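Heads up: the structure comes next, in structure tokens.
The figures that follow rest on heavy atoms only: side chains count, while hydrogens, waters and symmetry mates do not. Owing to the predicted nature of the structure, the values given are computational and were not obtained by experimental measurement.
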Amino acid sequence: MAGEARYDEIADFYAAGWGDVIDDPASVRLLDLLGPVAGRRVLEIACGHGRVSRELARRGARVVAADLAAALIAKAEAAEHAAPLGVRYLHADVTDPAALAGLPAFDAVVCSFGLSDTDDLDGAVSNAAAALRPGGVFVCSLLHPCFPGGPGVSGSWPSEGDYRDEGWWRADGEQSSLRRRVGANHRTLATYVGTLRRHGLWVDELAEPEPAPDWAARRPEAARFPVFLVMRCVKNV
């Protein structure tokens with residue numbers, strides 16, 4: 001049984017701020033790196049209220065999606081009921097090996113900005129790798145772990161800290177509206193890549209998409225640095 005999630009308390013705020021139109025640069029690049037999905041089995045972990053899983057289904061994928069937050073899964077299921085796309089939603093802790101047990105192997109696993117929300121990175125990556133068929137791909141997006149932020153915009157690690165200081169923290173930047181509410185886990189790029197490789201997921205391509213022009217115009221100092229990181233990994237046979 002999945003436990004409580006930080007997003008349960010802010011489900012309405014989160015769903016209202018991130019709608020079904022997939023036009024933000026990080027999500028667009030994530031889907032680009034994933035490639036064609038028609039007819040493929042795709043698992044989304046940390047799916048939230050299902051915006052990416054629905055887009056995958058609209059593109060022809062057979063989708064299973066899981067999240068720890070019951071309130072977000074309820075919103076995803078309500079959207080599926082209102083406009084069926086065939087997505088199967090699971091209220092599950094994807095760091096628990098039992099959460100995905102019994103599911104057939106997937107061609108791809110996707111995680112949109114969820115790894116920094118996941119306290120047990122090793123557990124999540126281990127289970128993502130186990131869910132993939134040999135040669136399958138894992139594609140994820142992140143707030144860039146090397147991102148220092150700018151005036152009013154929190155980066156990946158606390159402003160009074162150091163890039164090498166890993167752990168959970170709550171943002172204080174006035175323009176970092178989501179991370180002020182739920183916080184995030186900071187890890188170095190080396191930690192992410194090392195964890196992926198330890199579980200047989202080899203980085204195949206990296207992208208650092210630029211933020212949207214209106215975002216950058218309001219945050220010029222923060223936009224001087226890479227803001228997002230998208231990675232595609234291949235499961236080593």
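Hydrophobic clustering (side-chain heavy atoms under 4.5 Å, transitive across Ile, Leu, Val, Met, Phe, Trp, Tyr) keeps Leu132 apart from Trp202. If you chain together hydrophobic residues whose side chains sit under 4.5 Å apart, Val139 and Val193 never meet in one group. Residues Ile73 and Val52 are members of one and the same hydrophobic cluster, defined by side-chain heavy-atom contacts under 4.5 angstrom among Ile, Leu, Val, Met, Phe, Trp and Tyr.
To the nearest 0.5 Å, atom CG of residue Leu121 and atom OG1 of residue Thr195 are 4.5 Å apart. Here the CD1 atom belonging to Ile45 is positioned 6.5 Å from the OG1 atom belonging to Thr118, to the nearest 0.5 angstrom. The line from SG of Cys140 to CG of Leu34 is 11.5 Å long, rounded to the nearest 0.5 Å. One distance of note links CZ of Arg6 with CG of Leu68; it measures 9.0 Å at 0.5 Å rounding. With values rounded to the nearest 0.5 angstrom, Trp169 atom CH2 is found 9.5 Å from Trp157 atom CH2. Taking CZ from Phe138 and CG from Leu43, the interatomic distance works out to 9.5 Å, rounded to the nearest 0.5 Å.
Looking at heavy atoms from C-beta onward, Val203 lies out of side-chain contact with Tyr192 at the 4.5 angstrom threshold. Leu103 has its side chain within reach of Leu90: a pair of non-hydrogen atoms, C-beta onward, lies under 4.5 Å apart. Annotation: side chain of Val110 is in contact with side chain of Leu30 (closest heavy-atom distance under 4.5 Å). Between Pro158 and Asp165, every side-chain heavy-atom pair lies at or beyond the 4.5 Å cut-off. When side chains are defined from C-beta on, Pro25 does not count as touching Glu210, because their heavy atoms never get closer than 4.5 Å. You'll find the side chain of Arg180 stays beyond 4.5 Å of the side chain of Asp172, heavy atoms only. Residues Arg181 and Tyr14 form no side-chain contact, since every pair of their non-hydrogen atoms from C-beta on lies 4.5 Å or further apart. Under the 4.5 Å side-chain criterion, counting only non-hydrogen atoms from C-beta, Asp67 is not in contact with Val94.
Applying the side chain to side chain donor-acceptor pair (under 3.5 Å) test to every pair with at least one member in residues 69-83, sequence neighbours left out, gives these pairs: Asp12-Lys75.
Under the side-chain hydrogen bond (donor to acceptor under 3.5 Å, both in side chains) criterion, Asn127 pairs with no residue, sequence neighbours left out. For Val234, the side chain to side chain contact (heavy atoms under 4.5 Å, CB included) criterion is met by Val137, Asp204, not counting sequence neighbours. Residues passing the salt bridge (Lys or Arg N to Asp or Glu O under 4.0 Å) test with Arg197, sequence neighbours excluded: none. A search for side-chain hydrogen bond (donor to acceptor under 3.5 Å, both in side chains) contacts involving Asp214 returns nothing, not counting sequence neighbours. For Glu9, there are no side chain to side chain contact (heavy atoms under 4.5 Å, CB included) partners, not counting sequence neighbours. Scanning for side-chain hydrogen bond (donor to acceptor under 3.5 Å, both in side chains) contacts around Ser156 gives His186, with sequence neighbours left out. Remark: Arg219 pairs with Gln175 by the side-chain hydrogen bond (donor to acceptor under 3.5 Å, both in side chains) rule, at least two apart or across chains. Applying the salt bridge (Lys or Arg N to Asp or Glu O under 4.0 Å) test to Arg198 and every residue at least two apart in sequence or in another chain returns Asp122. For Asp20, the salt bridge (Lys or Arg N to Asp or Glu O under 4.0 Å) criterion is met by Arg54, Arg58, not counting sequence neighbours. In this structure, Arg62 has no salt bridge (Lys or Arg N to Asp or Glu O under 4.0 Å) partners at least two apart in sequence or on a different chain.
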Next item on the list: Run the numbers on Val125 and Leu201 for side chain to side chain contact (heavy atoms under 4.5 Å, CB included), then give the verdict.
Entry: CA-CA 9 Å; Val125 172; Leu201 298 174; 4.0 Å; yes

Next item on the list: Begin from the C-alpha positions of Glu44 and Ser112 and carry the test side-chain hydrogen bond (donor to acceptor under 3.5 Å, both in side chains) through to its verdict.
Entry: CA-CA 8 Å; Glu44 184 185 10; Ser112 175; 5.3 Å; no

Check: What do the steps show when you test Val87 against Cys47 for side chain to side chain contact (heavy atoms under 4.5 Å, CB included), and what is the final call?
Finding: CA-CA 11 Å; Val87 181; Cys47 69; over 6 Å; no

Next item on the list: Go through the steps to decide whether Val64 and Phe106 satisfy the test side chain to side chain contact (heavy atoms under 4.5 Å, CB included), and finish with yes or no.
Entry: CA-CA 9 Å; Val64 176; Phe106 291 89; 3.9 Å; yes

Notebook entry, point to check: When you look at Leu229 and Ser141, which way does the side chain to side chain contact (heavy atoms under 4.5 Å, CB included) test go after all the steps?
Noted result: CA-CA 6 Å; Leu229 177 65; Ser141 57; over 6 Å; no

Next item on the list: Decide yes or no on side-chain hydrogen bond (donor to acceptor under 3.5 Å, both in side chains) for Asp119 and Asn185, but give the supporting numbers first.
Entry: CA-CA 7 Å; Asp119 296 339; Asn185 288 284; 3.0 Å; yes

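A donor-acceptor distance shorter than 3.5 angstrom exists from the side chain of Asp8 to the backbone of Ala5, with no hydrogens or angles considered. Judged purely by atom type and a 3.5 angstrom limit, Arg41 uses its side chain to pair as donor or acceptor with the backbone of Ala105. Between the side chain of Ser154 and the backbone N or O of Gly173, at least one donor-acceptor pair lies under 3.5 Å. Between the side chain of Ser53 and the main chain of Gly50, a donor-acceptor pair closer than 3.5 Å is present.
Here the closest heavy-atom approach between residue Tyr163 and residue Pro145 is recorded as CE1-O, 3.1 Å. Minimum interatomic distance between Leu196 and Met231 (heavy atoms only, all atoms of both residues): CD1-CE, 4.0 Å. Heavy-atom minimum distance, His199 versus Ala129: O-CB, 3.3 Å. Taking every heavy atom of both residues into account, Cys146 and Leu189 meet most closely at SG-CB, 4.3 Å. Shown here for Cys111 and Leu115, the closest heavy-atom pair between the two residues is SG-N, 3.7 Å. Residues Val109 and Ala128 approach most closely at CG2-O, 3.7 Å, considering heavy atoms.
A salt bridge does not link Glu55 with Arg51: every distance from a Lys NZ or Arg NE/NH1/NH2 to an Asp or Glu carboxylate oxygen is 4.0 Å or more. Comment: Glu205 engages Arg232 in a salt bridge, judged by a side-chain N to carboxylate O separation of less than 4.0 angstrom. In summary, Arg179 and Asp117 engage in a salt bridge, as defined by a charged side-chain N under 4.0 Å from a carboxylate O.
Chaining together hydrophobic side chains whose heavy atoms lie under 4.5 Å apart places Phe225 alongside Phe113, Leu143, Phe147, Val153, Trp215, Val227, Phe228.
Environment of CZ in Arg88: sparse, with no more than 12 heavy atoms of neighbouring residues, nucleotides or ligands closer than 6.0 Å.
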